[in-house]
K.L.:
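So that we are looking at the same thing, I have put the structure below in structure tokens.
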Amino acid sequence: MPDVITRFAPSPTGHLHIGGARTALFCWAFARAEAKRRGGDARSTFLLRVEDTDQARSSEQAVAGILEDLAWLNIHWDEGPRIGGTGFQPVPGAQPPTAIGGDARRVGPFFQAQRLAIYNQYIDWMLGHDLAYPAFDTAEQLDAQRKAAADRKHTYRYKRDASYDRDAALARLRAGEPCVIRFNNPDAPVHVADAVLGDITFEPEHIDDFVLRKADGFPTYHFAVVIDDELMGVTHILRGQEHLNNTPRHVALQRALRRTDTDQPFRTPVYAHLPLIFNPDGSKMSKRDKDKAARDAAKKAADTAALATVVAPDASPEQLATWLDDKRSQLPTNALVRLAAHLSLDLPEIEVEDFRASGYLPEVLCNYLALLGWNPGNDLEKFDLAFLATTFDLDRIGKTNSKFDRDKLRAFNADALRAMTPEAFAARWREWAGHYEPRLASIPDGTLPIAARAAAPRASTFRDAVAQIAFAFTADDALAFDPGAVQKVLRKGEPTGLETLRDLAPSIGAIPANAAFTPEAIDAAIKSFAESRSLGMGKVAQPLRVALTGTSVSPGLGDVAAILGRDRTLARIERCLAAHS
RNA sequence: GGCCCCAUCGUCUAGCCUGGUCCAGGACACUACCCUUUCACGGUAGCGACGCGGGUUCGAAUCCCGCUGGGGUCACCA
């Protein structure tokens, strides 16, 4: 059976967008599952190609970020840029961090900027067959023609006219005059057989002589993608529906081209256009959403001078002012992050990195992403990559765009966190915190599973989990007491909560330090005290809770006290008694 | 505006191809109750959709047409 070869082809202009992650996931899963369906000798290849033909916007830093994001998600590519062994921590229990990428079939390089000679070879061939031609129009001329077409309520379509002098144009090209190379697109309708959307026909009057090679010598996306997919043997192209209107261009090119090495015609791969992912309000999920959220909060804060100080290292006061006024402007990422922290605002997660920083699990993100536009056909919603690698299929991809539902993602993540053992939770929590939450380092290794047990049922993300034990990060003598809780829990009642707390203290103090100061021992002490005084647990527990956390809401008291340890627990009780007597 | 795509609960969706078993199933969210030392967790129950109008048919969420609505795309970006 023939091999299955898919590819993910990001352009390195920023972090990996959540929609891109889904595309990569689908490409990966399809290659695996389809090869399996085809039988033993069908191989599966998922390759990663970097589309860095936009010299102005591409960056090496973005490449590195995208590779790491994919690796973190455990979407590993067989061919493409090599990374391996370092830089990211695989999921415990998952495959070991072997190298990712490589070029087993010798179809690289996988950076388009390194393939210019190949593209030029095909440009020359096309020029020779009058399948392509030089064009010398200026940007102003093109703009004017577009505007004229728009005035006639028509779409502008570039076509070489009858008076075009090919020989003269070729001579100018040889003389080194700057120009673009355009496709001499034949006037024929193009049929696209899309595996998701079905058959679509594009009439010739809508297909133009698009640019193949830019004036800077780099290929356009349309040209490079067709050449590379053929040369790399790509059999199936899964991509976002925003590319649907590009497809007739690609198919027309494939029909025009032959390989320079074998003289075989180009093949047309199977296309599958994926529905798009939007915000709940229907807008595009974009980095600008972060600016919008921060801007809205900043405007409410009103104290612009303070904001300028906060943002100072990364943005000038003028930048800030502009940003505040202009909805389209964007602030440097660091400034945005600083601002959000200052305003106690959670920026919306848009890129994979954002979800990672918020403390989502990669396997949960993949699971949720898979459900956006695909489903296994029954009521099953929770599954892993191994399931996708055997089950994923094109005919179960939906046609309708979907909205990204953070609540559902959170719920899935919360379920996954709760399903972990405290030890497993603690290990991955610590790993995450190493990147994103230094405060967690103050919790001793032996205590972390207790903290995990306390936080896990109350947390949707690792970041949430930290918030659940925030009481432990405050110095004992700096703990703030919630006035409402003090009034209700310590002042009222007969006896008052404060009196009960005073009586309870020796029972807690009677528990030996270190190993014996366990959640079980602490809970037992509280319980037996309550029973000995014939008091309800609420009468006893709530005052202690206020003393230890400053509030009337917290995880179980045994866990809370054990996380603090004996010394800090007793210190907090003492301080509470002193402060409110 | 031209072209292209889409249309089931608030959201993600099953069902549609191969009409009847669907007064439409699941999940998230929401509501109520139970459990309970607080908050959660957990358990139980509930609310909630076939966009509209025509056909075809004994029968339509399922097939056809129109309308409406939503989205994508119209670059020397990808």
Side-chain angles (χ1 to χ4, degrees), chain A residues 9-13 51-54 56-58 135 137 139 142-143 146 149-150 152-158 178-182 192 194 196-198 200-203 205-208 210-216 218-222 224-225 239-248 273 275-276 278 280 282 284 368 371-382 395 398-412 414 418 454-459 468 485 489 523 526-527 530 535-546 549 551-557:
Chain A
S11 90
T13 54
E51 310 224 322
D52 52 353
T53 54
D54 185 336
R57 294 202 304 150
S58 299
D137 314 77
L142 291 173
D143 284 346
R146 266 185 214 111
R152 293 197 315 271
K153 297 202 179 259
H154 259 276
T155 309
Y156 176 61
R157 168 174 167 269
Y158 191 106
C179 65
V180 300
I181 305 298
R182 286 183 180 269
V192 175
D194 190 273
V196 172
L197 300 172
I200 304 159
T201 300
F202 297 86
E203 298 303 330
E205 56 268 31
H206 305 296
I207 306 173
D208 67 346
F210 55 94
V211 173
L212 303 175
R213 188 174 73 188
K214 300 180 260 186
D216 67 0
F218 276 62
T220 59
Y221 160 73
H222 302 298
V225 82
R239 50 161 45 157
Q241 247 174 48
E242 73 268 19
H243 286 294
L244 184 61
N245 290 299
N246 292 151
T247 311
H273 286 96
L276 272 15
F278 294 101
K284 259 189 189 172
Y368 177 73
L371 253 14
L372 251 30
W374 182 86
N375 71 80
N378 49 35
D379 291 339
L380 184 67
E381 287 200 306
K382 303 285 182 70
D395 52 29
K399 299 178 179 184
T400 57
N401 297 338
S402 47
K403 292 172 181 168
F404 195 91
D405 183 358
R406 271 198 190 65
D407 284 340
K408 186 154 178 171
L409 205 216
R410 288 186 74 83
F412 272 36
R418 266 177 236 124
R458 297 166 174 79
Q468 290 301 326
V489 175
D523 282 331
I526 297 168
K527 195 169 182 206
L535 286 168
M537 281 294 278
K539 292 280 182 220
V540 180
Q542 284 304 78
L544 180 59
R545 176 165 280 116
V546 172
T549 69
T551 73
S552 56
V553 176
S554 83
L557 279 173

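Lettering follows sequence order; numbering is per chain, from 1.
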K.L.:
Do NZ/NE/NH1/NH2 and the carboxylate oxygens of A/Lys408 and A/Glu381 come within less than 4.0 Å?
P.N.:
yes

K.L.:
Taking the minimum atom-to-atom distance to the side chain of A/Ser11, which one of B/rA78, B/rC12, B/rG72 wins?
P.N.:
B/rA78

K.L.:
Give a yes/no on whether any side-chain N or O of A/Lys214 is located under 4.0 angstrom from OP1 or OP2 of B/rA78.
P.N.:
yes

K.L.:
Sort out the partner of B/rG42 for me: Watson-Crick or G-U wobble, both distances under 3.5 Å, none otherwise.
P.N.:
B/rC34

K.L.:
Is B/rG66 paired to anything, Watson-Crick or G-U wobble with both distances less than 3.5 Å, and if yes, which nucleotide?
P.N.:
B/rC52

K.L.:
Sort out the partner of B/rG2 for me: Watson-Crick or G-U wobble, both distances under 3.5 Å, none otherwise.
P.N.:
B/rU73

K.L.:
Would you check if the distance from the ring center of A/Phe210 to the ring center of A/Tyr221 is below 6.0 Å?
P.N.:
no

K.L.:
For the side chain of A/Met537, counting heavy atoms from C-beta on, which of B/rC76, B/rU37, B/rG72 is nearest?
P.N.:
B/rU37

K.L.:
Checking side chain to side chain donor-acceptor pair (under 3.5 Å) between A/His273 and each of A/Thr247, A/Asn245, A/Asn246, which is the one that passes?
P.N.:
A/Thr247

K.L.:
Distance criterion of 3.5 Å, no angle test: do you see the side chain of A/Glu381 paired donor-to-acceptor with the base of B/rG26?
P.N.:
yes

K.L.:
Quick check on A/Lys214: does its NZ atom have over 12 non-hydrogen neighbours (other residues, nucleotides or ligands) under 6.0 Å away?
P.N.:
yes

K.L.:
How far does the P atom of B/rG15 sit from the matching atom of B/rC58, given to the nearest Å?
P.N.:
28 Å

K.L.:
Any donor-acceptor pair, under 3.5 Å, between the side chain of A/Arg458 and the base of B/rC39, if you only look at N and O atoms?
P.N.:
yes

